[in-house]
Every structure is written in C-alpha cells, then in structure tokens.
There are 2 protein chains.
Amino acid sequence: MSAQSPDTQSPRPRIRDAEATKSRILEAAKKEFAKNGLEGARVDAIALEANANKRMIYHYFESKERLFQTVLENAYFDIRESEKKLDLDSLDPREALERLVRFTWNYYIQNPEFISLVNSENLAQARHLKSSETVKIVSRRFVGLVDTILKRGVAQGLFRKGVDPVQLNITIAAVSYYYFTNQYTGSIIFERELMSEAAQAERIRFNIETILRIVSL
Amino acid sequence: MSAQSPDTQSPRPRIRDAEATKSRILEAAKKEFAKNGLEGARVDAIALEANANKRMIYHYFESKERLFQTVLENAYFDIRESEKKLDLDSLDPREALERLVRFTWNYYIQNPEFISLVNSENLAQARHLKSSETVKIVSRRFVGLVDTILKRGVAQGLFRKGVDPVQLNITIAAVSYYYFTNQYTGSIIFERELMSEAAQAERIRFNIETILRIVSL
DNA sequence: CGCCTTTCGCACCATATGGTTACTTTGGTA
DNA sequence: TACCAAAGTAACCATATGGTGCGAAAGGCG
C-alpha cells in the first residue's frame, strides 16, 4: 500500500456510516456470544472484533443484554427466511420431509452460531424472547410447513394418520441439533469422531430414515 | 429458639468435617453451574449456598475450573450408575428399549442439572472431560447396553439388522434431551406449554414410538 | 494433657468488566 | 459556507470477581 499523503501521522479520516457500524457490531456480537455464551461474552471483545468503539455498542444497542436480544432475534429471522425458500409444497411428501431434514442439518453446519445462541437463551430461560413478537410470527409459518406436508402425505395414502406435526417438528430438529450441540462430549463418550465427513453423511442418512419411519404407515 | 448459654456472643464451636463440607460444596456447585453456566456461576454464591467459606472451595478444589470438572465427572458417574440398575437384559428387547427411553426421560426430569452441565461443557469444547479417564470407562458400558438389546432383538427376529447402536443411542438421548434443553424457547416457538404433565406424557409416548420404529422390521 | 496436622474463617488483593462522561470529528443541509 | 445533529473516540469509574495470606480453632494421637 502506498502512502496516501505526506502527513506525519495521517489520522485516517473517520468514516461515518451508522448502518455499516451497526452491522459490524452485530456480526461480531453473534460470534462472541456464540463462542462464549451470554455471560462469557465480553463487550470489549465485541468492540475490538467489530472494529468499533465500545461506546457505539451502547449507543446503538443500549446494553449487553439488549445486544444479545437483537442478535438472537436476527438469528431466528434468518433461519425462517431460509426455510421459506425451500419450496416444499411442490415436492412429493416423502421428498419434502427428506429435504427439510437435510436443510436443517445444513443450516446448522453453515450457521454454527445458531445452536449456541439458542442454548444461551434457554439457559436464560428465554427471557429475551418472551417479549419478541417477530419471533412468534415467523415461527408460526414454520410449524405450518410440516403440517402441510403431513396432510398431503396422509391424503396421498403415503403417511399414517394422527402424527402430531409439532412432535414431528421437534423431532426433526432434535436429531440434528443434539448431534451438533453435543459434538464435543459426544466424541469422547462414543469414542468416535462425530464430525468427520463420513460420520456426518452417516448421521444424515440415519436421520432421514428415522423421520420417514415416524410417518410411514 | 432459646439461648444456649449466657455467653455474650457464643461463637458456635466449629465442626470439623472435611467430607461433609466437600460434599456440600459439590452440591451447591452443581446447582450454581447448572443454573448460570460455567462463566455465569459465582464462586461466592457457591460458598454461600454450601454454607462454607470460600477459602474451603479453593482448599479442596483448587480453582473454579477444577471444581466444575469434578461436578461434571460426578454427574456422568451418577447417570451411568443409575443405568446399571436398569437390568435390561432380562426384558423382551422391545420392552428393554422402551424402559431405556423412559429411564432417560425420567433421569432428565429428576436431575435437571445434568443437561445444563453437559451444555456448559460443550460450550467449553469438552476441555474438562478430555483428561477424564473415568468418564470414558463408564461410558463404554453405556454404549454396550444398547448394543446388547439390538443384538438380542435381531436374534429373536424382532428387529431389523444393520442398525448402528451408536446412532440409536444418540437418537434415544436426542429426542428427550432436545425437548428439555429447549423447553423455554420451544414453548414460545410452538406456542404450547411443553412441560405440562399432559405434554410430557404425550412426548414420552412419541419418543417410544419413534425409537421402536427405528428398529422395527 | 499437649502437640501438630487439618479444617475453617476473615480480611484483603489485583484485575476484569459493563457501563459512562466528556469531548472531537464528520458531512448533510439551510 | 457555517451550522449542528449524528457518528466516533479515549479515558475513566464503580463494582464484581476469582483467588490468597494468614491466623485461629478443632480434634486425633502419642
């Protein structure tokens, strides 16, 4: 990089961009909260990582707690947005379920912060989510997704009747979520490298089979 | 309460009981770590709850980190001890699986700290468990449990062949564990009281059915 | 009984942490 | 172009926190 000016100590002109700064803070906060939990996360570390001044965090987000809340709400919003793009209604019900199971897995892989954030929120007894209307709204659509698939499967004589869509939903999340969130203790207890490519492929297969067996006649 | 003596400020004679003190500290630590996580837990709070002096914690356990490690190892030891008492080998394979699923559920209900401790340890990337030989040993027996049931089921023509006992083990834990650890966010997202007696009974039923469907022919 | 190891308690420390005060700089606009 | 609200910075603060130094008392043992 060449010298921009012959200044003795060019105090690089501060760029004013509120949106960019906010977004850098949010990204850094997501990382830090995910890595160290709500209590373990350090506001100074977030400021540093975001390349922002700590004061800005309090300026835009009021407190560490509220920053966490914003990060969490965004995380829920993002996963539900991704689900919207799945277009499951055009698929055979069995394939739709399989795609949903695969999607869940891949989302956790690509967004490892999500699980950790949710864990932190549960440790906090969901006190940040209680007041969040957005999360409730986006979640409703999500539950409807599986319900529709189930109904279509039953109508086509592919699935058995009486499967509770909420229980199925929970189970679809559970079989992937548990695997990831307990990957460290799991690898020790089962004396098996759970995160290798081979192990992952095997687990996805098993999960798809599990979910299809739940709904099968 | 009557005055025990006419002393001006009877400094109640200190009772010396190392084992009792250690055990009170461990119990208090389990509670505090489970409630607030490894980072959120406060050593002062543990001392207070244990009715012990903070100095004793460092005397017996060296550091907060090592105290956590001890609590965690004990927790794993306890759950494996309980499983030993299940006597699954005398049961019909299907009933053995059902009993194991029920046991897992009940254990989490009766020992809510367990899940939270394991979550904390995974946030810490299992760094406290890595050096623990005891955990590895007691875990081995645990995996063998399901393997035996599966083999017996296959031999009796009740279960299909080729089910990986580790995958099944993980799934048995997953369907209960996820439900509990995400009970707070879950109740919001699914807009349903997940911890009512009725909801719990329904979930146990669903879990048993899920596990039996995985192994069925 | 007197000794001495172990258990226990108080006061204290260095540091880290969430949060704030007070100030400077930027850049859109009247 | 001068103004001023908003964006940004640095130094600072009160407090909480994990961890210790050191002395006192308990009680088993010779």
Side-chain angles (χ1 to χ4, degrees), chain A residues 4-5 7-33 35-71 120 124 127-128, chain B residues 4-5 7-33 35-71 120 124 127-128:
Chain A
Q4 300 206 342
S5 74
D7 294 20
T8 40
Q9 45 173 357
S10 68
R12 70 154 174 284
R14 287 204 293 236
I15 299 151
R16 291 163 56 95
D17 190 335
E19 287 311 309
T21 303
K22 271 198 245 183
S23 131
R24 283 199 325 275
I25 290 172
L26 282 172
E27 197 56 35
K30 184 165 76 176
K31 268 198 202 173
E32 175 74 5
F33 282 129
K35 191 175 178 190
N36 299 314
L38 174 53
E39 293 273 354
R42 297 294 162 237
V43 177
D44 288 284
I46 294 171
L48 188 71
E49 167 82 20
N51 203 4
N53 191 284
K54 185 162 67 154
R55 195 65 191 80
M56 289 291 95
I57 293 178
Y58 290 93
H59 181 71
Y60 291 124
F61 301 100
E62 188 173 344
S63 68
K64 182 187 181 184
E65 207 85 357
R66 276 200 167 282
L67 175 59
F68 178 80
Q69 184 174 13
T70 306
V71 167
S120 286
R127 67 170 183 266
H128 310 89
Chain B
Q4 301 207 341
S5 73
D7 294 20
T8 38
Q9 44 176 355
S10 67
R12 72 152 172 282
R14 286 203 293 235
I15 298 151
R16 292 161 58 93
D17 190 335
E19 286 312 309
T21 303
K22 270 197 245 183
S23 133
R24 284 198 324 274
I25 290 172
L26 282 172
E27 197 56 33
K30 183 164 77 176
K31 270 198 201 173
E32 175 75 5
F33 282 129
K35 192 176 178 188
N36 299 314
L38 173 54
E39 293 273 356
R42 297 295 162 234
V43 177
D44 288 285
I46 294 171
L48 188 70
E49 167 80 20
N51 202 5
N53 192 283
K54 185 163 65 154
R55 196 69 190 76
M56 290 292 93
I57 293 179
Y58 289 92
H59 182 71
Y60 290 126
F61 301 100
E62 189 174 343
S63 69
K64 182 187 180 184
E65 207 85 356
R66 276 200 166 283
L67 175 59
F68 179 79
Q69 183 173 13
T70 307
V71 167
S120 286
R127 67 170 184 266
H128 309 88

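Here the structure is a predicted model, which is why all the values come from computation and not from measurement. Proteins get letters first, then strands, A, B, ... in listed order; numbering begins at 1 in each.
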request  = Using whole Å, report how far CZ of B/Phe68 lies from P of D/dG19.
outcome  = 14 Å

Spacing of B/Glu62 atom CD relative to D/dG19 atom C1', expressed in whole Å = 12 Å

task = Select one nucleotide: of C/dT26, D/dT9, D/dG19, the one nearest the side-chain heavy atoms of A/Met56.
result = D/dT9

ask   = Is a side-chain donor or acceptor of B/Arg24 paired with a backbone partner of B/Asn51 at a separation under 3.5 angstrom?
value = yes

task = Measure the spacing between NZ of A/Lys22 and CD of A/Glu27 and express it to the nearest 0.5 Å.
result = 15.5 Å

ask   = Which residue, B/Val71, B/Val43, B/Ile46, B/Ile25, forms the side-chain contact (heavy atoms from CB on, under 4.5 Å) with B/Phe61?
value = B/Ile25

key: Gap separating the CD atom of A/Glu39 from the CD atom of B/Glu39, nearest 0.5 angstrom   = 8.5 Å

ask   = If you take all heavy atoms of A/Lys64 and A/Leu38, which pair is closest and at what distance?
value = NZ-O, 3.0 Å

ask   = What's the OH-P distance between A/Tyr58 and D/dA7, to the nearest Å?
value = 19 Å

B/Ser63 side-chain N/O to D/dG18 phosphate OP1/OP2 under 4.0 Å = no

request  = Please state whether the base of C/dG9 and the side chain of B/Lys54 form at least one donor-acceptor pair under 3.5 Å?
outcome  = no

message = Between the side chains of B/Arg42 and B/Glu32, is the shortest nitrogen-to-carboxylate-oxygen separation below 4.0 Å, so that they form an ion pair?
response = no

request  = Please determine, for the side chain of A/Arg16, which listed nucleotide (D/dA6, C/dT7, C/dC8) has the closest atom?
outcome  = D/dA6

ask   = Do the side-chain N or O atoms of B/His59 get closer than 4.0 angstrom to the phosphate oxygens (OP1, OP2) of C/dT7?
value = yes

ask   = CG of A/Asp17 versus P of D/dG8: gap in Å, rounded?
value = 7 Å

message = Check the phosphate of D/dA7 against A/Thr21, side-chain N and O only, distance under 4.0 Å to OP1 or OP2. Yes or no?
response = no

task = Identify whether any heavy atom of A/Phe61 sits under 4.0 Å from a base atom; if not, whether one sits that close to sugar-phosphate; answer base, sugar-phosphate or nothing.
result = nothing

Residue-phosphate contact under 4.0 Å: A/Tyr60 side-chain N/O, D/dG8 OP1/OP2 = yes

query = Listed in order of residue number, which residues of residues 35-43 of chain B have a non-hydrogen atom at under 4.0 Å from DNA chain D?
reply = B/Ala41, B/Arg42, B/Val43

request  = For the side chain of B/Lys64, starting at C-beta, report the closest nucleotide among C/dG18, D/dG19, C/dT7.
outcome  = D/dG19

request  = Go through C/dC8, C/dG19, C/dA22 for me and flag the one nearest to the A/Arg55 side chain.
outcome  = C/dA22

key: Euclidean distance, atom CD1 of residue B/Ile46 to atom P of D/dG19 [Å, nearest integer]   = 11 Å

query = Please give, in whole Å, the distance from C/dG9 C1' to B/Asn51 CG?
reply = 12 Å

key: Closest-nucleotide ordering on DNA chain C, the 5'-leading residue of B/Lys22 and A/Glu65   = B/Lys22

Length of the line joining A/Asn53:CG and C/dT24:C1', which is rounded to integer Å = 12 Å

message = Could you check whether A/Glu65 pairs with A/Arg127 (Lys NZ or Arg NE/NH1/NH2 to Asp/Glu carboxylate O, under 4.0 Å)?
response = yes

message = Using whole Å, what does the distance between atom P of nucleotide C/dT17 and atom CZ of A/Phe33 come to?
response = 13 Å

query = Which atom names give the shortest non-hydrogen contact between A/Phe33 and A/Ala41, and what distance separates them?
reply = CD2-CB, 3.3 Å

